[in-house]
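Read through the structure below, which is laid out as structure tokens, and then see the notes.
Keep in mind the model is a prediction, meaning the values are calculated, not measured.
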Amino acid sequence: QEQLVESGGGLVQAGGSLTLSCAASGRPGASYVLGWFRQTPGKEREFVAAIRWSGGPTSYADSVKGRFSISRVNAKNTVYLLMNSLKPEDTAVYYCAARRSPTISDLPSDYYSWGQGTQVTVSS
């Protein structure tokens, strides 16, 4: 089971940008999907974005389309989430997760491995 470690969170003003990184302990399989989710206190974990490790399709939540971009660097076993035009409502703990399937899913229950999370706080 891959271990996932997120980094890059922090405090940023509204309208600013942050890039989150998710490093996998080993090389994810070509058929794997890596996803980003976020969670705020008292709310369920929600889908943000996902990408197939072998390349190809990506998927985004409607709330982040046009502002966030997911990418991966295979040589570094790392997935990135570039977040632009950040809003206070983007404040959350962001988690990276891995899915053993080439099909992108927005359901947290479809992902088998999770990182510890990184806090993103957007001030107004």
Side-chain angles (χ1 to χ4, degrees):
Q1 175 169 320
E2 292 77 15
Q3 291 188 343
L4 306 173
V5 179
E6 303 96 335
S7 61
L11 174 63
V12 64
Q13 288 189 331
S17 299
L18 277 177
T19 298
L20 304 183
S21 301
C22 171
S25 59
R27 180 178 294 275
S31 61
Y32 280 36
V33 165
L34 276 294
W36 286 97
F37 291 77
R38 64 188 182 186
Q39 189 170 24
T40 55
K43 292 189 176 181
E44 294 187 355
R45 198 164 292 189
E46 68 170 350
F47 173 76
V48 176
I51 187 170
R52 186 183 300 165
W53 187 253
S54 62
T58 57
S59 180
Y60 297 91
D62 288 342
S63 60
V64 306
K65 277 181 182 176
R67 299 189 298 123
F68 290 12
S69 177
I70 189 170
S71 62
R72 87 268 187 261
V73 176
N74 293 36
K76 295 185 176 181
N77 294 343
T78 300
V79 173
Y80 301 94
L81 184 68
L82 171 61
M83 305 185 294
N84 293 320
S85 302
L86 282 162
K87 305 174 181 180
E89 51 263 44
D90 294 318
T91 295
V93 177
Y94 283 71
Y95 297 90
C96 178
R99 168 172 160 77
R100 285 196 189 106
S101 168
T103 305
I104 290 180
S105 170
D106 61 2
L107 296 176
S109 58
D110 284 341
Y111 291 76
Y112 79 100
S113 182
W114 292 83
Q116 83 289 350
T118 185
Q119 176 71 47
V120 172
T121 303
V122 184
S123 63
S124 57

Residue pairs passing the salt bridge (charged side-chain N to carboxylate O under 4.0 Å, His left out) test with at least one member in residues 66-75, sequence neighbours excluded, are R67-D90
Check: Are V12 and L81 linked, directly or through other ILVMFWY residues, by side chains that come within less than 4.5 angstrom of each other?
Finding: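 Both belong to a single hydrophobic cluster.
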Over all heavy atoms of both residues, which pair between [X] and [Y] is shortest? Give the atoms and the distance, please.
| X | Y | result |
| --- | --- | --- |
| D110 | S105 | OD2-OG, 2.6 Å |
| K65 | D62 | NZ-OD1, 3.2 Å |
| S85 | S17 | N-OG, 4.4 Å |
| G9 | L20 | N-CD2, 3.6 Å |
| L11 | S123 | CD1-CB, 4.3 Å |
| L86 | L18 | CD1-N, 3.9 Å |

Item checked: Partner residues of F47 under the ring pair (Phe, Tyr, Trp, His ring centres under 6.0 Å) criterion, sequence neighbours left out ->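 Expected list: F37.
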Going through the distances and angles, do R52 and S101 end up as a side-chain contact (heavy atoms from CB on, under 4.5 Å)? CA-CA 9 Å; R52 186 183 300 165; S101 168; over 6 Å; no
(request) In sequence, state the C-alpha distance, the side-chain angles, and the governing distance for N74 and W53, and then conclude on side-chain contact (heavy atoms from CB on, under 4.5 Å). (result) CA-CA 8 Å; N74 293 36; W53 187 253; 3.9 Å; yes
Face-on cation placement of R99 at Y32 ring, 6.0 Å and 45° thresholds: no
Got a donor-acceptor contact below 3.5 angstrom from the T78 side chain to the K76 backbone?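 Here the side-chain-to-backbone pair exists.
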Connected to Y80, directly or through other members, by ILVMFWY side-chain contacts below 4.5 Å are V73
To the nearest 0.5 Å, atom CG of L4 lies from atom OG of S21 at 12.5 Å
Separation between NZ (K87) and OG (S124), nearest 0.5 Å, reads 14.0 Å
Check: Hey, are the side chains of Q39 and P108 touching, using non-hydrogen atoms and a 4.5 Å cut-off?
Finding: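 No, side chains not in contact.
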### Message
Quick one, Y60 and I70 - any side-chain contact, counting heavy atoms below 4.5 Å?
### Response
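Yes, side chains in contact.
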Using the side-chain contact (heavy atoms from CB on, under 4.5 Å) definition, which of the options V48, V120, V64 pairs with M83?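 Option passing the side-chain contact (heavy atoms from CB on, under 4.5 Å) with M83: V120.
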The single option from W114, Y95, Y94 that satisfies side-chain contact (heavy atoms from CB on, under 4.5 Å) with E6 is Y95
| request: Tell me, please, which residues at least two apart from T121 pass side-chain hydrogen bond (donor to acceptor under 3.5 Å, both in side chains). | output: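 If we apply the side-chain hydrogen bond (donor to acceptor under 3.5 Å, both in side chains) test to T121, skipping adjacent residues, the hits are Q119.
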Residue set satisfying side-chain hydrogen bond (donor to acceptor under 3.5 Å, both in side chains) with E89, at least two apart, ordered chain then number -> none
Residues pairing under disulfide bond (SG atoms under 2.5 Å apart) where one sits in residues 22-96, two or more places apart or in two chains, turn out to be C22-C96
